[in-house]
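What you see below is based on every heavy atom in this structure, not just the backbone, and it leaves out hydrogens, waters and symmetry mates. One is the number of the first residue; the rest follow in order along the sequence. Note that ligands are numbered from 1 as they come in the structure, with each ligand's atoms numbered from 1 the same way.
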Amino acid sequence: MVGYAFMGAAHSQAWRTVNRVFDLPARASMVAVCGRDAARVAEAAARLGWAEAVTDWRELIARDDIDVIDVCTPGDSHAEIAIAALEAGKHVLCEKPLANTVDEARAMVAAAAKARAAGVRSACGFNYRRVPAVSLMRNMVAAGRLGAIRHVRAVYLQDWIVDPSFPLVWRLQKEKAGSGALGDIGAHIIDLTQFVTGQRITGVSGLTETFIKERPLPSSSTGLSASATSGPAATGEVTVDDAALFIARLDGGAVATYEATRFATGRKNGLRVEVNGEHGSLAFDLERLNELEFFDATRPAAEQGWSRILVTEGEHPYLGAWWPPGHIIGYEHSFTHEMRDFIEAVATGADPTPSFEDALQVQLVLDAVARSDSSWISVAS
Ligand code: SOE
């Protein structure tokens, strides 16, 4: 695994747990974790359960006792690491979004296609697909329970940078993160809505906004050019979006609205998706991730109403391996399910999902929103 921050910790939990919960044809061994700071990555190895700590990822792809490279770094290194790993014959799991640009994503897809011909597998870490309620939502739409889909409505609301004194961390620097809320959390709702509906976004119109344009440099700030700093309290320019709003058309005829923001004060990790069809609707809320709301318009009118499906039955996706009905699961289980499916695919010679090609589609949507020159009609006061 390369990188050991939030996603590194979430992935480590999944690698530690997956073979102890699911009966799989192969076992994950946590051989080494890589990070630039030797002392800190050694501490992370001990804390997260990795046998070794290294400071050069190239060392990992040169080793023949390592089969998989798990990329958990900021987006500016995804392409370099993933492509080198694939060319070295390592299977690759790469965190979302796939890359910082469409060009990088296309190069990764080309490397993945070439590696696939040699039996080397790859996938992108859109973990929310693996929340059982989301998989159930997809299964119900695919089974036609809603009929033709008319509306898709998705928001992903956070508020961790509302305070102007929050420092200019890497997620707020375009050269490291590629974009702001759009690529970080907007990518999730783009992938999730395409996964749930089975439809692809064919066009968008949108806007982005950066509310706070200057922020204090992080105390240990490195890599920011001198020009980025100014004044007594060294500050730097925020070069990414704080919020992205866009509308879209999907290839199955649905119309969609998307909101991805880090300024929804009070919302901590507020991902919510609603799908409206001719025969009913489904709604998922990450803050109630064991539940799926269902409105069945085929019931007798007098009996119609929103029902709350508790997604903890043995026949629900993934749940059979966990606890008896009603004993709910959490955010981290989505990563364990992601590793379950990845291991099973690699071990059986199948392609894990979502593929780099699926992730490129998300990257194309991100790029389209960022370039969107939404035909803005000003309203005269
Ligand atoms: C920060 O916005 C973040 O950690 C995202 O990067 C993750 O993908 C999301 O699942 C939680 O929030």
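- Using a 4.0 Å cut-off between heavy atoms, Lys96 contacts ligand 1 through its side chain alone, with no backbone atom that close.
- Each of the atoms 7 (C), 8 (O), 9 (C), 10 (O) of ligand 1 lies under 4.0 Å from some heavy atom of His188.
- Looking at Glu338 and Arg340, no side-chain N of the basic residue comes within less than 4.0 Å of a carboxylate O on the acidic one, giving no salt bridge.
- The Phe6 neighbourhood of ligand 1 comprises atoms 4 (O), with distances under 4.0 Å to a heavy atom of that residue.
- The shortest contact between atom 1 (C) of ligand 1 and any protein heavy atom is with Asp184 OD2, 3.2 Å.
- When only modelled atom types and interatomic distance are considered, His316 and Trp322 share no side-chain donor-acceptor pair under 3.5 Å.
- Those atoms of ligand 1 with a heavy atom of Tyr331 less than 4.0 angstrom away are 10 (O).
- A salt bridge links Asp351 with Arg116: at least one charged nitrogen is closer than 4.0 Å to a carboxylate oxygen.
- Among the candidates Asp159, Asp184, Asp242, the single residue satisfying the side-chain hydrogen bond (donor to acceptor under 3.5 Å, both in side chains) test with Arg262 is Asp184.
- Between the side chains of Ser12 and Tyr4, no donor-acceptor pair is found at a separation under 3.5 Å.
- Every atom of ligand 1 is numbered from 1 in the order shown, and the set under 4.0 Å from a heavy atom of Ile185 is 2 (O).
- Ligand-side atoms of ligand 1 in range of Tyr156: 9 (C), 10 (O), 11 (C), range being under 4.0 angstrom from any heavy atom.
- Under a 4.0 Å criterion applied to the non-hydrogen atoms of Tyr128, ligand 1 contributes the atoms 9 (C), 10 (O), 11 (C).
- We find that Asp64 and Lys90 are not joined by a salt bridge, their nearest charged nitrogen and carboxylate oxygen being 4.0 Å or further apart.
- A salt bridge does not link Lys174 with Glu237: every distance from a Lys NZ or Arg NE/NH1/NH2 to an Asp or Glu carboxylate oxygen is 4.0 Å or more.
- For ligand 1, the atoms lying closer than 4.0 Å to a non-hydrogen atom of Arg171 are 6 (O).
- Neither side chain, Thr239 nor Gln173, offers a donor N or O lying under 3.5 Å from an acceptor on the other.
- Neither the backbone nor the side chain of Phe126 comes within 4.0 Å of ligand 1, counting heavy atoms alone.
- What sits closest to atom 12 (O) of ligand 1 on the protein, heavy atoms only, is Gln158 NE2, 3.1 Å.
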